[in-house]
Number of protein chains: 2
Amino acid sequence: MPKSGRNKVSSLQDLADLAGVSRATASRALNDNPIISARTRKKLQALARKHGYSINRQARDFRLRRTSVISVVFMLDVESQQHMSDPFFLDMLGGIADALADHDYDLLLAHAPIANILDVKESRVMRQSDGVIFIGQEQQLEQLNQLAEDGQLMVVWGYPVPDKKYVVVGGDNVGGGYKATKHLLEIGRRKIGFFGATNNPENAARHEGYLKALSEYNVDPDPTLKVDVPFEMLRAREAIIDMLDSQVELDAVVCISDVMALATMSTLQELGLRVPQDISVVGYDDITLAAYSSPQLTTVRQNIRHAGRILVESVLGLINGENVPDTMLSSELIIRNSCGAK
Amino acid sequence: MPKSGRNKVSSLQDLADLAGVSRATASRALNDNPIISARTRKKLQALARKHGYSINRQARDFRLRRTSVISVVFMLDVESQQHMSDPFFLDMLGGIADALADHDYDLLLAHAPIANILDVKESRVMRQSDGVIFIGQEQQLEQLNQLAEDGQLMVVWGYPVPDKKYVVVGGDNVGGGYKATKHLLEIGRRKIGFFGATNNPENAARHEGYLKALSEYNVDPDPTLKVDVPFEMLRAREAIIDMLDSQVELDAVVCISDVMALATMSTLQELGLRVPQDISVVGYDDITLAAYSSPQLTTVRQNIRHAGRILVESVLGLINGENVPDTMLSSELIIRNSCGAK
DNA sequence: GAGATTGTTGCAATCGATTGCATGATTTCA
DNA sequence: TGAAATCATGCAATCGATTGCAACAATCTC
């Protein structure tokens, strides 16, 4: 059996004894402290490898009074108290997890269970981690601000609203809305609707980009073309039908999300309208299904995995006492069939 | 200001000093140890509350030689090395997180980055947690078995394949496939296709349920009605078109997932076929979009949040040295429009 | 060759809790 | 009243690492 005395060396002391040095020397050697002679260092490192020993992080973190843990808090939708399970969150989580692993941090997952985030303040999430990443700020500006003022190291995925007191990483929502709309204008559309609730900062920004593009093309925004479909979308279909019933002209739609866009497309098709021939549709997020719908959905993609990495770099920067700026990640228009060829 | 001397009491010693007792007594009091008089206990607990003190879990876990951490490992698709970002995983994660929180455990998130899970063995995921939950066993039976044999406390979300040596929690895939198919048979369909790759145990089980239902209705399974669309589905559309081109008769389709079902529906509609009038379609998973497609998708729902809870109960049972059986969670057929009324 | 300098390693305190055992106080019982 | 039993609390070791300071050895300088 090639197993050479395993399971024996379980502490620094064991290793030190084995090497005939003190615990202190062993500790320094494994941490590559130059105060220890190169020979001793190599020797101990080799020994550690041979016996499959590695430093007990729990003990180390305890001694060093840190946790090596970053909490990730998923905010709940204020109204529905529901998880905002946009499909892309899992990707973002993946990005975060990878980045944290690279930096030797752990990821503690939680979600704000109550409307009042502050209730989380005294919880493990806050007390037992070196920093917190909030996903989705929604309308909870006040409470997030308060946490930030209490000295919590935190980064929020969302949109930099004016009075925020924390670091924000977010997509270029204005740019995304702008690109989507501009493309529709370029291919000749003029009666462009905007579907989706704009009651949170990110969506409002997308709408702002929409308006910006319209104004560049000297198209007056038509308020009747804006449909404020709520998050749940249960009534997306009705809202769309209502609008079409009211005889407005419409030749394109910018949607707040892919889910909304897919619901829109199927509603339109149901009503006998052709996408994109009669009406162009553009979504937002580039979820997996976007590529498999019929027609395939033109949409705005945010590099969500990369966003996860940036979020991590940001908290870690905070932990290191750096001055961390907000980050805005660019969005990219993915042109597929649902908008019609240029 | 109502803040009465905060930020002072940060260790048991502080609290003990404040109460005029020893550290030991304080510890026992907070842990409701009956050896301490009720009066002293109440007094210390009140004091702790008043000063916002709570036991430092890091120190406690260190002392007690445990981690209070459960790792959750998301398996990667073997071929594509891609995250299996089925939308419902986030829900499951939510369920797991909640259940762990209830039991005062933390959740460490990771994913098996390499084809070889064993490489994770020496990583923090394994060494720094009291147990592991694997999501999605795919074809990695061998390696999972080996981990289990090495004494790793682990529970796997998947399907109980014959030679497994670990605890499995999974949906009733046979039952799900059976219910979906049976319903189609009940409403008179007979040429029922099965769309989706069956190269992993869970999907194979769904197919098994499909066959079972057919046989109950004395319908001979037609192999040409089985389309083995790969996970990525890039070619789902082509595969479907190919099949229809070959002039087979088809009046219904059971799909391996909702994503597949949605792709199928749009392909069929594109070809001028009506769903459900010409062809019924049934999916699996009940993703959010299933309720918003047109027609709304009939699908098999697994209570995925509940599954998360069961997974947690199972690892915790393992940790407590209990004999934990496999669990199979029932599946429910959600009847919507895409299959046609009964 | 003596003193100063530099290089290497060890001693022991420390992080914040838990817990076996000892001790002192109180009650019980004959 | 005195011994035994019971109750309540404290002492001090312990978990596994890190690190300031001291100590000793080796090298250098004049």
Side-chain angles (χ1 to χ4, degrees), chain A residues 7-49 51-69 104-106 122 124 126-130, chain B residues 7-45 47-48 51-69 104-106 124 127-130:
Chain A
N7 306 3
K8 305 270 206 174
V9 184
S10 64
S11 76
L12 255 187
Q13 187 68 71
D14 293 349
L15 190 71
D17 291 349
L18 219 63
V21 300
S22 74
R23 199 162 71 244
T25 301
S27 169
R28 294 188 173 108
L30 293 189
N31 287 315
D32 250 333
N33 188 325
I35 217 175
I36 298 294
S37 70
R39 206 158 54 84
T40 312
R41 258 184 290 159
K42 296 302 163 217
K43 178 174 137 198
L44 277 159
Q45 289 169 7
L47 208 57
R49 215 171 311 120
H51 291 274
Y53 169 81
S54 64
I55 288 174
N56 180 327
R57 288 182 49 104
Q58 197 184 11
R60 156 193 267 171
D61 285 340
F62 173 52
R63 174 62 229 258
L64 264 27
R65 316 177 82 174
R66 68 180 184 201
T67 66
S68 289
V69 168
D104 221 18
Y105 269 81
D106 280 345
E122 292 297 321
R124 312 185 53 190
M126 305 297 172
R127 302 180 57 250
Q128 296 278 110
S129 59
D130 299 338
Chain B
N7 306 2
K8 306 269 207 175
V9 184
S10 64
S11 77
L12 255 187
Q13 187 68 72
D14 294 348
L15 190 71
D17 290 350
L18 220 63
V21 300
S22 74
R23 200 163 71 244
T25 301
S27 169
R28 294 188 174 108
L30 294 188
N31 287 316
D32 250 332
N33 189 325
I35 217 174
I36 297 295
S37 70
R39 206 157 55 83
T40 311
R41 257 183 291 160
K42 296 303 164 218
K43 177 174 138 199
L44 277 160
Q45 289 170 5
L47 208 57
H51 291 274
Y53 169 80
S54 66
I55 288 173
N56 181 325
R57 290 183 47 105
Q58 197 183 11
R60 157 192 267 171
D61 284 341
F62 173 52
R63 173 63 230 258
L64 296 179
R65 314 176 85 173
R66 68 181 182 200
T67 67
S68 289
V69 168
D104 221 18
Y105 269 81
D106 279 345
R124 311 184 55 190
R127 303 180 56 250
Q128 296 278 107
S129 59
D130 299 338

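Order of the sequence lines fixes the chain letters, A, B, ..., with proteins taken first and strands second; residue numbering starts at 1 for each chain. Atoms considered below: every heavy atom in the structure, side chains included; atoms not considered: hydrogens, waters and symmetry mates.
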Would you say the side chain of A:Val69 lies within less than 4.5 Å of the side chain of B:Asp106, judging by non-hydrogen atoms? no
Keeping B:Gln13 on the side-chain end and B:Arg23 on the backbone end, is there a donor-acceptor pair under 3.5 Å? no
Side-chain N or O of A:Thr40 closer than 4.0 Å to phosphate OP1/OP2 of C:dT9: yes
Looking at D:dA8, I'd like to know if its phosphate oxygens (OP1 or OP2) sit under 4.0 Å from a side-chain N or O belonging to B:Ser37. no
Determine yes or no for a side-chain-to-main-chain donor-acceptor pair under 3.5 angstrom, with B:Asn31 supplying the side chain and B:Asn33 the backbone. no
Could you state the atom-to-atom distance from NZ of A:Lys43 to P of C:dT9 in whole Å? 9 Å
Atom-pair distance (CZ on B:Arg65; C1' on D:dA13), nearest Å: 14 Å
Per nearest nucleotide of DNA chain C, the residue lying toward the 5' end, A:Leu64 or A:Ala24, is A:Ala24
Distance-only donor-acceptor test, B:Arg63 side-chain atoms vs D:dG16 base atoms, 3.5 Å: no
Whether A:Asn31 contacts D:dT18 is assessed here as follows: a side-chain N or O lying under 4.0 Å from the phosphate OP1 or OP2. Is that the case? yes
Taking only the side-chain nitrogens and oxygens of B:Ser27, find out if one of them lies under 4.0 Å from OP1 or OP2 of C:dT18. yes
Can a side chain N or O of A:Arg66 be found less than 4.0 Å away from OP1 or OP2 on C:dC15? no
Residue whose closest nucleotide on DNA chain D lies nearer the 5' end, A:Arg60 versus B:Gly20: B:Gly20
With sugar-phosphate meaning primed atoms plus P, OP1 and OP2, does A:Ile55 contact a base, only sugar-phosphate, or nothing at under 4.0 Å between heavy atoms? sugar-phosphate
Between B:Asn56 (CG) and C:dT14 (P), how many Å, whole number? 18 Å
Length of the CD-P vector between B:Gln58 and D:dG16, whole Å: 15 Å
Here the distance between atom P of C:dA17 and atom CG of B:Asp32, to the nearest Å, is 17 Å
Tell me whether the OP1 or OP2 atom of D:dA17 has a side-chain N or O from A:Tyr53 closer than 4.0 Å. yes
Closer than 4.0 angstrom, basic N to acidic O: yes or no for A:Asp104 and A:Arg57? yes
Are any of A:Ser22's side-chain N or O atoms less than 4.0 Å away from OP1 or OP2 of C:dG10? yes
Distance check: side-chain N/O of A:Arg23 vs OP1/OP2 of D:dT19, anything under 4.0 Å? no
Atom CG of B:Asp14 to atom P of C:dG16: distance rounded to whole Å? 8 Å
Let me know the distance between CG of A:Leu12 and C1' of D:dT18, rounded to the nearest Å. 9 Å
Quick one, B:Leu47 and B:Tyr53 - any side-chain contact, counting heavy atoms below 4.5 Å? no
Nearest whole angstrom, please: distance from the P of C:dT9 to the CG of A:Leu30. 14 Å
Heavy-atom nearest nucleotide on DNA chain D for B:Phe62 versus B:Arg28: which residue maps closer to 5'? B:Arg28
Can you confirm whether B:Gln58 sits close enough to A:Gln58 that some side-chain heavy atom of one is under 4.5 Å from a side-chain heavy atom of the other? no
